Amino acid sequence: MAMTWRRAIPVVGALGLIAYVVIAGTAPLFLSPAALSLLFLTLYYVCLAGAWNFFSGFSGYINFGFVLFVGLGMYGSVIGFVDYKMGLIPGYLTGGLVSAIVAAVIGYPLLRIRGAYFAISMLALAEGARVFISTKYLTPLTRGGAGMPVLAGTLNQKYYAIFLLAVCIVLATLYFARSYYGLSLIAVREDEAAASGLAVNTTAVKVSVFVVSAFFAGTAGGIQATFLHYIEPFAAFDIKYTMLSIVMAMFGGLGTVLGAVIGAVTLQLISDYVWLHLGQANITVFGLVMVCLVIWMPDGVLVRLKEMGILPKTRWI
Amino acid sequence: MTTEGPILEIHDVRKSFGGVHALAGCGFSVGEGEIVGLIGPNGSGKTTLFNTIVGYLPLDGGRILYRGEDVTGLPPYQIARKGIGRTFQVTRIFPKMTLLENVTLPTGNAAANERAHELLEFVGLADLRDEYASDLSFGQQRLLSIIQVLMLDPGLILLDEPAAGVSPVMQKKLLELIHYLNEDGRTFLIIEHNMDVVMNNCERVVVLSMGEKISEGSPDEVRRDEAVLTAYFGA
Ligand SMILES: Nc1ncnc2c1ncn2[C@@H]1O[C@H](COP(=O)(O)OP(=O)(O)OP(=O)(O)O)[C@@H](O)[C@H]1O
Ligand SMILES: [Mg+2]
């Protein structure tokens, strides 16, 4: 009995995933705009949690300033749309590029410091960016606190954009996790000094993956900005995006391929339900989920299943 | 097998931690193909010397040459790529990586998989290849850490107390492995407290005390050296 139950989990999980991808991929054909918007938001969080996990889940360097890359991506693409009249895809990619460039610049100095200092520095940078965006130096570009309205793309286009990005992030994670780079970054998380003694160029690995993670976050930010039709500093650099990304990635499984999907879909469902029935208590429920997580499965569902032998201990799940 | 020039030359290396002179100007060399023992009382600087050789700790002074090339100040990954591998006094493997992942990490290419399988087979861990390294016993982790280093295809292997805390059976296995690899052309510098192990397995011994080399020679010579007896047992 117990044996069949254990075997059923991977099968049910795989079928569920396939069904989800098929439904999400064809949703605009049969969902109402309101329902599509809910699904859009879930996929947006799949992207954010996936981008966060891409670097932090594998490396163990917890990025508390992740929203920096989301917000920069929003501004990058909105400025592209509004001031440079870019097309949809070039505009989104510009957002990603802006974040990637900033990550490349700050990555080298920041990733040489360990753990808590990295987390705090990132947090400070994200806050700093929000303030800096509205200073008079940048106001000509960013319109400061007044914010920027943006009109680009139809709901369906934006939906397909976020769906495609989510698929890309998961596939990129799959490729990365199985590669030497992925393994190296896991080794950094496990024991950074030992990894460097075994010929791993830890700095190069950390910085390059950090840049890719920022690119994904920035692109997702750009898509979200067009979905919201309007950005301003507080909304673009909202710490909520960092927090939700972390909680979702942690819930699903740190340093796994599918953890971000499981985390974002599950928690977004819970959140919608709770929002409907409990209103503002939403955030309290998230806090409770967090506490339970830390106690029972600190590395998330998938990692726990691997440890229990229900899933194979491979890097491609 | 002792021929050619030295594989490792250590020239007057110095390293202090605050007021503690862990290495106070120490120098010796290791010949290609040798098994050299590095001994000395607790706190004499043996592990610190390893840490400086592999680039974990910057030196305050002195130079380190590997196969005639100055490697002082290079980052650890470059030194590893040149062919110096080391194990730790307290074994450090990657707990939440499978055995196979632990072993393939140093090479960075899939073609090395075959060699990884061979090595796991060789030390009797092949059946556990897809399990996490955290599941291994202490002695098994030791073996794993040694074959991990072998994947670097190192010319010089630094072992920090390989025989400490492992069962006699495992100890025998380890020593066999060391001699097998030595015949295969690899040089060893081994820190060891167990004198029987040192006397029976090393061709030459270097003795450190308070960060300085106080003696060097064959196991027999060192054993009879007054300075060594003083360092270990007091005047
Ligand atoms: N990272 C460090 N910071 C401060 N002091 C250190 C550090 N590493 C070593 N020391 C000091 O340097 C001296 C030499 O230590 P080391 O570990 O090299 O000795 P050892 O010969 O390996 O001893 P043991 O046989 O006990 O392993 C000791 O006094 C030790 O306390
Ligand atoms: Mg020591």
Side-chain angles (χ1 to χ4, degrees), chain A residues 57-60 108 111-112 114 175-209 250 253-257 259 297-300 302-317, chain B residues 50-51 53-57 74-88 90-113 116 128-135 141 144-154 157-158 160:
Chain A
F58 284 85
S59 68
Y108 190 73
L111 289 169
R112 295 159 63 96
R114 185 67 197 153
Y175 177 79
F176 165 71
R178 300 185 55 195
S179 72
Y180 171 66
Y181 261 44
L183 184 59
S184 306
L185 205 58
I186 294 174
V188 163
R189 178 188 75 200
E190 298 287 293
D191 187 335
E192 185 160 358
S196 70
L198 291 171
V200 176
N201 184 349
T202 52
T203 309
V205 174
K206 284 185 292 183
V207 174
S208 46
V209 179
M250 277 182 77
L254 290 175
T256 63
V257 174
M297 30 182 204
D299 294 325
L302 287 181
V303 174
R304 192 83 192 86
L305 290 176
K306 286 183 193 179
E307 281 170 1
M308 290 168 68
I310 292 175
L311 289 176
K313 297 181 176 73
T314 60
R315 285 178 279 137
W316 50 264
I317 296 182
Chain B
F50 271 19
N51 284 336
I53 294 172
V54 298
Y56 278 33
L57 286 174
L74 291 184
Y77 78 92
Q78 281 185 19
I79 293 177
R81 286 176 190 180
K82 289 196 186 299
I84 305 183
R86 70 88 61 98
T87 63
F88 295 89
V90 178
T91 305
R92 286 161 76 168
I93 37 89
F94 306 101
K96 291 287 173 255
M97 280 164 45
T98 67
L99 267 58
L100 193 58
E101 289 170 350
N102 264 274
V103 180
T104 43
L105 176 73
T107 62
N109 76 56
N113 250 346
L128 298 170
R129 70 171 77 94
D130 295 323
E131 296 302 321
Y132 283 147
S134 54
D135 294 346
Q141 292 191 359
L144 180 66
S145 72
I146 293 177
I147 60 171
Q148 221 173 14
V149 165
L150 289 179
M151 289 298 280
L152 292 169
D153 195 14
I157 301 173
L158 314 176
D160 200 341

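Source: prediction; values computed, not measured. Proteins get letters first, then strands, A, B, ... in listed order; numbering begins at 1 in each.
Separation of atoms CZ (F94(B)) and CD1 (I186(A)) is listed at 11.0 Å; rounding is to 0.5 Å. In this structure, T107(B) OG1 and Y180(A) OH are separated by 7.5 Å, a value rounded to the nearest 0.5 Å. Once rounded to the nearest 0.5 Å, the distance linking OG1 of T98(B) with NZ of K306(A) reads 10.5 Å. We find the CD-CG distance between E307(A) and D135(B) to be 9.0 Å, quoted to the nearest 0.5 Å.
In terms of heavy-atom pairs under 4.5 Å with chain A, the best-connected choice from E131(B), R86(B), M151(B) is E131(B). Between chain B and the options S179(A), G255(A), A194(A), heavy-atom pairs under 4.5 Å are most frequent for A194(A).
The minimum heavy-atom distance between A80(B) and S196(A), with the atom names listed, is CB-O, 4.4 Å. Listed here is the closest heavy atom pair of L198(A) and Q148(B): CD1-CD, 3.6 Å. Between G197(A) and P76(B), the closest heavy-atom pair is N-CB, 4.3 Å.
Ionic pairing of K96(B) and E190(A) is not present here: no N-O contact between side-chain nitrogen and carboxylate oxygen is shorter than 4.0 angstrom. The pair R315(A)-E101(B) meets the salt-bridge criterion, since a charged nitrogen lies less than 4.0 angstrom from a carboxylate oxygen.
Q78(B) does not touch chain A: none of its heavy atoms, backbone or side chain, sits under 4.5 Å away. Heavy-atom distances place both the backbone and the side chain of L105(B) under 4.5 Å from chain A.
Atom CZ of R178(A) is surrounded by 12 or fewer heavy atoms from other residues, nucleotides or ligands within 6.0 Å.
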